[in-house]
2 protein chains.
Amino acid sequence: MVQQIPKQPVPTSPAPPAVPTSADVARLAGVSRATVSYVLNNTSAVRISEPTRRRVRAAAEELGYVPHAAARSLRAGHSRMVLMPAPPVPVGPLYSRFFSELQWALGRLDYTVVQYGGVGLKGDEEARAWAELRPVAVLVPGTGLGPRGVAVLKRAGARAVVTLGPERVEGAHALLMDQRGVGRRAGEHLLARGRRRIGVVLPEEAGLDLFSRPRLQGVRDALHGRADAEVTELPLAYREESATALAARWRSLGLDAVFAYNDEYAMLLMRALQDEGVGIPDETSVVGADDLVLGRLLRPRLSTVHIELPSGQELAELVERVVREPGTAPETHEVLGARLVPRESS
Amino acid sequence: MVQQIPKQPVPTSPAPPAVPTSADVARLAGVSRATVSYVLNNTSAVRISEPTRRRVRAAAEELGYVPHAAARSLRAGHSRMVLMPAPPVPVGPLYSRFFSELQWALGRLDYTVVQYGGVGLKGDEEARAWAELRPVAVLVPGTGLGPRGVAVLKRAGARAVVTLGPERVEGAHALLMDQRGVGRRAGEHLLARGRRRIGVVLPEEAGLDLFSRPRLQGVRDALHGRADAEVTELPLAYREESATALAARWRSLGLDAVFAYNDEYAMLLMRALQDEGVGIPDETSVVGADDLVLGRLLRPRLSTVHIELPSGQELAELVERVVREPGTAPETHEVLGARLVPRESS
DNA sequence: TTGAAAGCGATACCAT
DNA sequence: ATGGTATCGCTTTCAA
């Protein structure tokens with residue numbers, strides 16, 4: 001889609017001042033296009049006289065010449081572009097930091113990261129759109145890429161396809177981020193604390209299901225086989241009123257603990273519960289996730305599940321390795337570390 | 001940089017299975033490349049028989065053919081790519097939401113947003129790297145793009161260059177986001193509350209100066225001419241210990257108010273102050289910024305400066321307009337609305 | 001040391 | 001209704 005041609009060519013208003021090409025530079029410098037290329041790329045296999053170099057550089061400077069990346073990669077037959085589709089929903093600070101780090105690390109390896117904002121095409125369509133760009137590697141967060149998509153990308157020359165999500169995809173390398181582990185830690189912890197009737201907050205905001213569902217499942221897993229334990233789903237919007245409403249009917253729910261998806265929802269709910277007079281942790285234990293700095297500020301301090309994402313460095317190295325040796329069998333790495341940080345709210 | 005050629009060509013390990021081209025499709029379907037192009041693009045100016053269409057589509061399907069965006073745009077002479085350099089530091093939720101919205105809105109207009117992760121090249125170098133991609137529009141957050149950079153981009157065919165930052169840049173359209181306004185609102189408010197010795201929190205985290213400095217200046221502006229008022233700069237890292245340390249020497253600072261850069265720093269500091277026994281707002285008023293949901297949860301509730309970013313929709317429309325009519329004189333829009341939301345902490 | 005020319009992949013004009 | 005072919009901008013043999 002990127003380089004897509006508009007149905008109606010943009011109305012050429014006054015006079016589109018032509019973009020200078022290497023031919024223009026050659027003309028102005030009085031040399032051939034080949035020479036321009038040699039000089040501007042410092043081609044070592046060819047020796048060009050200093051005066052000529054000067055003339056070429058001067059001409060390029062004067063015209064404001066900038067090479068045309070598409071033409072260049074077309075000729076070269078490959079690029080150093082690492083494509084990373086933008087996640088569909090604005091994600092949290094954890095992911096942002098990871099992404100910045102990754103960008104930096106790949107930059108060091110002379111790759112360029114392009115975050116591509118495809119408006120939700122469906123499944124294979126999306127992969128095709130990415131494939132049009134002929135990236136050398138594709139890093140796909142979340143679900144939505146199937147084996148078919150992977151095949152499309154590989155046929156289009158992608159040497160590395162890496163998914164970052166809950167499950168492996170045939171043919172692709174996987175950085176497995178099992179969100180269930182997050183819920184499981186919370187569930188185990190609450191169980192150990194003697195809690196049996198556990199609420200699990202599910203954000204009503206669209207797009208978060210991708211994370212919240214597995215976390216819920218993790219709690220269920222932790223409680224598996226305990227006939228005396230029970231999980232209750234609690235939809236909650238990220239607004240004060242929503243939390244207040246939930247808190248108002250809290251006692252009727254008969255819960256003795258709640259795992260709140262993440263620290264933000266946990267803080268929201270915990271405050272509402274306190275305003276309602278619900279004792280924490282005596283009456284109800286509260287556990288969040290993500291270990292945000294702000295969670296430490298509540299009283300009682302918020303217990304949380306600390307999440308360890310892979311370092312951007314690691315992922316960058318994986319990409320580099322796979323690009324250099326595309327034969328590599330798809331690797332699967334468990335990269336989401338989840339660890340409970342007990343504080344005072346549970 | 002994107003399509004840049006590696007110095008050492010990647011070792012062609014076993015046998016890079018060639019990527020299918022439209023010529024391959026043509027061969028398999030027993031037609032010419034022209035016909036393939038007509039069919040696959042549904043060219044209306046040309047009538048192709050249904051049987052032929054089928055054969056072509058089938059061949060394309062079988063080969064897993066995906067068009068090559070670079071070749072296409074090379075031929076076309078333009079693209080629908082809107083380039084947006086990634087901001088150097090992970091920015092907050094406000095910006096993330098704005099960006100998602102923008103992406104969506106531009107997608108609706110059939111543009112594709114590419115967030116480009118250039119590792120900090122300096123000034124004009126950066127603009128050159130962007131120009132290599134020949135984007136139809138460039139949206140530049142922050143500072144770092146000068147008039148020279150704008151010229152480079154325009155010479156490279158960018159029909160719209162829009163800066164999102166504190167000041168205009170010669171030749172570019174500007175969405176002026178004057179962070180000083182944020183500080184000014186806070187300063188005025190605290191002044192009106194009778195406060196005179198005002199602390200301003202400056203995050204120690206790198207890269208935030210871009211926002212924090214102007215906000216500080218805004219507070220200064222608000223106090224301008226008031227000989228009895230005074231501003232004190234308070235460096236603070238986003239860690240509990242840092243806040244605790246600052247709180248420990250709070251009384252020695254002799255301040256009666258603090259504007260804390262944003263709500264997160266405000267919450268951090270406020271909690272530390274409360275733990276230190278500092279009365280809020282009696283002894284010290286606290287004002288944050290960004291109007292985060294969580295700020296409402298503190299007791300006392302956090303006063304804040306609500307920030308109104310432009311809608312992605314608006315910016316998308318500006319881009320569209322300017323692309324269609326590149327002659328347009330650079331427009332400047334004040335887009336950062338700042339409004340004080342008094343709650344209980346001030 | 002430099003230049004002429006082929007070719008990367010796709011499109012659109014001009015013939016047929 | 002199709003096919004041949006020039007062309008976009010750049011790199012890179014091969015010749016001179």
Side-chain angles (χ1 to χ4, degrees), chain A residues 2-7 9 16 18-27 29-56 60 63 65-79 131-134 155-157, chain B residues 2-7 9 16 18-27 29-56 60 63 65-79 131-134 155-157:
Chain A
V2 149
Q3 319 273 12
Q4 181 183 336
I5 282 49
K7 280 75 182 176
V19 179
T21 73
S22 79
D24 296 322
V25 176
R27 202 154 23 234
V31 300
S32 76
R33 292 157 60 217
T35 305
V36 171
S37 178
Y38 293 144
V39 172
L40 265 31
N41 294 312
N42 284 314
T43 308
S44 51
V46 164
R47 305 209 61 77
I48 304 280
S49 69
E50 197 50 41
T52 304
R53 301 185 99 89
R54 277 193 219 300
R55 287 217 314 286
V56 170
L63 293 175
Y65 169 73
V66 174
H68 191 305
R72 190 198 293 241
S73 81
L74 179 57
R75 170 64 222 237
H78 59 243
S79 74
E132 292 190 1
L133 301 179
R134 299 288 191 273
R155 297 217 67 138
Chain B
V2 150
Q3 319 273 12
Q4 182 183 335
I5 282 50
K7 279 76 184 177
V19 179
T21 73
S22 81
D24 296 321
V25 176
R27 203 152 25 233
V31 298
S32 75
R33 296 160 60 216
T35 305
V36 171
S37 178
Y38 293 144
V39 172
L40 265 33
N41 294 310
N42 283 314
T43 308
S44 52
V46 163
R47 306 205 62 77
I48 304 282
S49 70
E50 198 50 41
T52 305
R53 302 185 99 91
R54 276 192 222 300
R55 288 216 314 287
V56 170
L63 293 176
Y65 168 73
V66 174
H68 191 306
R72 192 199 291 245
S73 83
L74 178 58
R75 170 64 224 233
H78 58 243
S79 74
E132 292 190 1
L133 300 179
R134 300 290 192 270
R155 298 216 66 138

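Here is the naming used below: chain letters follow the sequence lines, and residue numbers restart at 1 for every chain. The figures that follow rest on heavy atoms only: side chains count, while hydrogens, waters and symmetry mates do not.
- Rounded to an integer number of Å, the gap from NE2 of A:His68 to P of C:dG9 is 16 Å.
- As a whole-Å value, the separation of B:Arg27 CZ from C:dG9 P is 11 Å.
- Secondary-structure annotation of DNA chain C gives the stems C:1-16 with D:1-16, with a stem taken as at least 3 successive Watson-Crick or G-U pairs whose two distances both fall under 3.5 Å.
- Every residue two or more places apart in sequence or in another chain was checked for a side-chain contact (heavy atoms from CB on, under 4.5 Å) with B:Ser44, and none qualifies.
- Between A:Arg55 and A:Thr35 the shortest side-chain heavy-atom distance does not fall below 4.5 Å.
- Closest approach of A:Leu133 to B:Ala69, counting heavy atoms only: CD2-CB, 4.0 Å.
- For A:Val31, the listed nucleotide lying nearest its side chain is C:dG3; candidates were C:dG9, C:dA10, C:dG3.
- Atom CG in A:Leu74 sits about 7 Å away from atom P in C:dG9, given to the nearest Å.
- Taking each heavy atom of A:Ala26 and A:Arg33 in turn, the nearest pair found is CB-N, 3.7 Å.
- One finds no side-chain N or O of B:Arg75 lying less than 4.0 angstrom from the OP1 or OP2 phosphate oxygen of C:dG9.
- Take A:Arg53 and apply the side-chain contact (heavy atoms from CB on, under 4.5 Å) test, not counting sequence neighbours, and it matches A:Val39, A:Asn42, A:Ile48, A:Glu50, A:Arg57.
- Listed by residue number, the members of residues 33-40 of chain A with any heavy atom below 4.0 angstrom from DNA chain D are A:Arg33, A:Ala34, A:Ser37, A:Tyr38.
- Note on A:Ser32: a side-chain N or O is less than 4.0 Å away from OP1 or OP2 of C:dG3.
- The interatomic distance linking B:Tyr65 (OH) with C:dG9 (C1') rounds to 7 Å, in whole Å.
- For DNA chain C, the neighbouring residues in residues 41-56 of chain A, judged by any heavy atom under 4.0 Å, are A:Val46, A:Arg47, A:Ile48, A:Ser49, A:Thr52.
- Here the closest heavy-atom approach between residue B:Val25 and residue B:Val56 is recorded as CG1-O, 3.9 Å.
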| task | Go through the steps to decide whether B:His68 and A:Leu74 satisfy the test side chain to side chain contact (heavy atoms under 4.5 Å, CB included), and finish with yes or no. | result | CA-CA 9 Å; B:His68 191 306; A:Leu74 179 57; 4.3 Å; yes
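- Every residue meeting the salt bridge (charged side-chain N to carboxylate O under 4.0 Å, His left out) condition with B:Arg27, not counting sequence neighbours, appears here in chain and number order: B:Asp24.
- Annotation for A:Pro67 and B:Arg134: closest pair O-NH1, 3.3 Å, computed over non-hydrogen atoms.
- If you take CG of B:Asp24 and C1' of C:dA10, they are 13 Å apart, rounded to a whole angstrom.
- Within the 3.5 Å criterion, the main-chain N or O of A:Leu63 finds a donor-acceptor partner in the side chain of B:Arg155.
- Between A:Tyr65 and A:Thr21 the shortest heavy-atom distance is CE1-C, 3.5 Å.
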